[in-house]
Novice: 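I'd like to ask you about the structure that follows.
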Amino acid sequence: MNQGQPPTSAGPQRTDAASTTPRLRVLVVDDTEDNLFLMTGLLEDKYELLLASSGKEALAIIMSQAQPDLILLDIMMPEMDGYEVLRRIRQHPPTATIPVIFLTALSTIEEEQLGLDLGAVDYITKPISPPLLLARVQSHLERSGNARRLQALSEKLSRYLAPQVYQSLFDGLHQAEIHTERKKLTVFFSDIKDFTGSTAKWQPEDITRLLNSYFSEMSRIAAEYGGTVDKFIGDAMVIFFGDPHSRGVREDALQCVKMAIAMQRSMAGLQDLWRDMGPSKTFRIRIGINTGFCDVGNFGSDLRMDYTIIGPEVNLAARLEQAAEPGGILISGETYALVRDEIEADQCVSIDAKGFSEPITAHAVRATAVAGDMRKAFQRELDGISRRLDLDNMSSSDRAAAALELREMADRLAS
């Protein structure tokens, strides 16, 4: 049992003496010593107990690493009442979901309604019935535990879906059923030039490390620009704009091309990191982009389905990628017509592509647009220090924070 202050040990033990199963932590907040004594007698055999005799003391415990799993909170306390304590708990994201049960002598309907409106999960009036208290504490701890497990599971499952798809399912905007629509989308394809041949003599762990760092960075950029990551196919990526959310056909195309430029620029920083693995451990990517009508939605069976896109316009984006130069971006005439006011591209060329009877009209995004400000992504490494800055992908607040950190580092070096 801890009273007054949160545990000060680096890793507080939450275990029974006779078992290695962690005990749940319950915080009791009451300014009356007799009530704290009563709660101790009722709860300490089953739970790890924390005690606080004021709202300020309770918040110090709640905001510490000894965060409780459930709080039993008195309302009438000097300086800071239980209502204010609950308001602050709910306003702080790391503590906002902790279940709080009010234990109070206030028994009016209005007081109870206020407590529940503020976010309490229950309201128990004094004098307390021990069996009732124990039953409700156990019930709310079980509900909270189930909610945490479901949240953890949903977060794991979300990694198998594009963020937009995951969110639309949880918001109820889309159903998990076989259904497709025909929409005008902008489709992005990328792959690594000569990946199989380049990595033939690499160790599997080096390939894994390199690919994971590459996919992580590209996925981050895709999320920043609003792209829906469709799939990874070996070393290739398929991304599209226009579903499940769209900014309009023109804006979708523009965001896609801007994303592609950001990806090619970010490759400079990644290549600096990869060179640490060996002088030959680096690569360049090719990108193809096309805009046109595709079928998009859930394809498959009632047992398993895949949210994806199909159609000749998807194949055309893949053919453009195959025809692009390493480090280059090739866009179709349809995409160029949508972005030409903001994106500079070289004069159109005709490409003979497999599966298409007529030559494909394409435009190469100008190298200056891709290579411009390459120095915005740079890395410096010395013995005992390693820092990488990607100014092109940093917000103004991020740059200010980085500048402050660098100044602090400089002051420490000079001291």
Novice: Out of the candidates I239, I289, N290, V314, only one should pair with F189 under the side-chain contact (heavy atoms from CB on, under 4.5 Å) rule; please name it.
Specialist: V314

Novice: Keeping the roles fixed (side chain from E57, backbone from V29), state whether a donor-acceptor pair exists under 3.5 Å.
Specialist: no

Novice: Would you find a donor on one side and an acceptor on the other, under 3.5 Å apart, between the side chain of R25 and the backbone of Q67?
Specialist: yes

Novice: Are E48 and R23 ion-paired here, with the side-chain N under 4.0 Å from a carboxylate O?
Specialist: no

Novice: How far apart are the closest heavy atoms of I89 and I71, and which atoms are they?
Specialist: CD1-CD1, 3.7 Å

Novice: Show, in sequence, the C-alpha distance, side-chain angles and deciding distance for I331 and V257, and conclude whether the side-chain contact (heavy atoms from CB on, under 4.5 Å) test is met.
Specialist: CA-CA 8 Å; I331 63 177; V257 177; 4.3 Å; yes

Novice: Would K46 and Q138 count as a side chain to side chain donor-acceptor pair (under 3.5 Å) here? Give the steps.
Specialist: CA-CA 10 Å; K46 191 171 183 179; Q138 181 176 344; 3.1 Å; yes

Novice: For G242, is there any backbone N or O sitting under 3.5 Å from a side-chain donor or acceptor partner on R247?
Specialist: no

Novice: Does S219 use its side chain to pair, donor to acceptor, with the backbone of F215 at less than 3.5 Å?
Specialist: yes

Novice: Pairing donors with acceptors under 3.5 angstrom, does anything connect the side chains of R143 and N146?
Specialist: no

Novice: Taking all non-hydrogen atoms of both residues, which atom of L141 and which atom of L70 are closest, and how far apart?
Specialist: CD2-CB, 3.6 Å

Novice: Closest heavy-atom contact between I221 and S266?
Specialist: CD1-OG, 3.5 Å

Novice: Tell me yes or no: between the side chains of T186 and D252, is some donor less than 3.5 Å from an acceptor?
Specialist: no

Novice: Is there a donor-acceptor pair under 3.5 Å between the side chain of R88 and the backbone N or O of L59?
Specialist: no

Novice: Do you know which of D31, V28, L36, L103 makes side-chain contact (heavy atoms from CB on, under 4.5 Å) with D74?
Specialist: D31

Novice: Give the minimum heavy-atom separation between H363 and D346, together with the two atoms involved.
Specialist: ND1-O, 3.4 Å

Novice: What heavy-atom pair brings K184 and F293 nearest, and what distance separates the two atoms?
Specialist: N-CD2, 3.7 Å

Novice: Between T335 (side chain only) and T291 (backbone N and O only), is there a donor and an acceptor less than 3.5 Å apart?
Specialist: yes

Novice: More than 12 heavy atoms of other residues, nucleotides or ligands under 6.0 Å from CD of E325: yes or no?
Specialist: no

Novice: Do the non-hydrogen side-chain atoms of L330 and I351 ever get within less than 4.5 Å of each other?
Specialist: yes

Novice: Looking only at atom types and distance, does a side-chain atom of S144 sit under 3.5 Å from a main-chain N or O of H140, one as donor and one as acceptor?
Specialist: no

Novice: M263 versus I329: any side-chain heavy-atom pair under 4.5 Å?
Specialist: no

Novice: Closest heavy-atom contact between I287 and A260?
Specialist: CD1-O, 3.8 Å

Novice: Are F102 and Y83 an aromatic pair by the rule of ring centers under 6.0 Å?
Specialist: yes

Novice: How about K258 and V339: do any of their side-chain heavy atoms sit closer than 4.5 Å?
Specialist: no

Novice: Given the rule in the side-chain contact (heavy atoms from CB on, under 4.5 Å) test, do L72 and L43 qualify, once you have shown the distances and angles that lead to the verdict?
Specialist: CA-CA 11 Å; L72 296 172; L43 300 169; 3.6 Å; yes

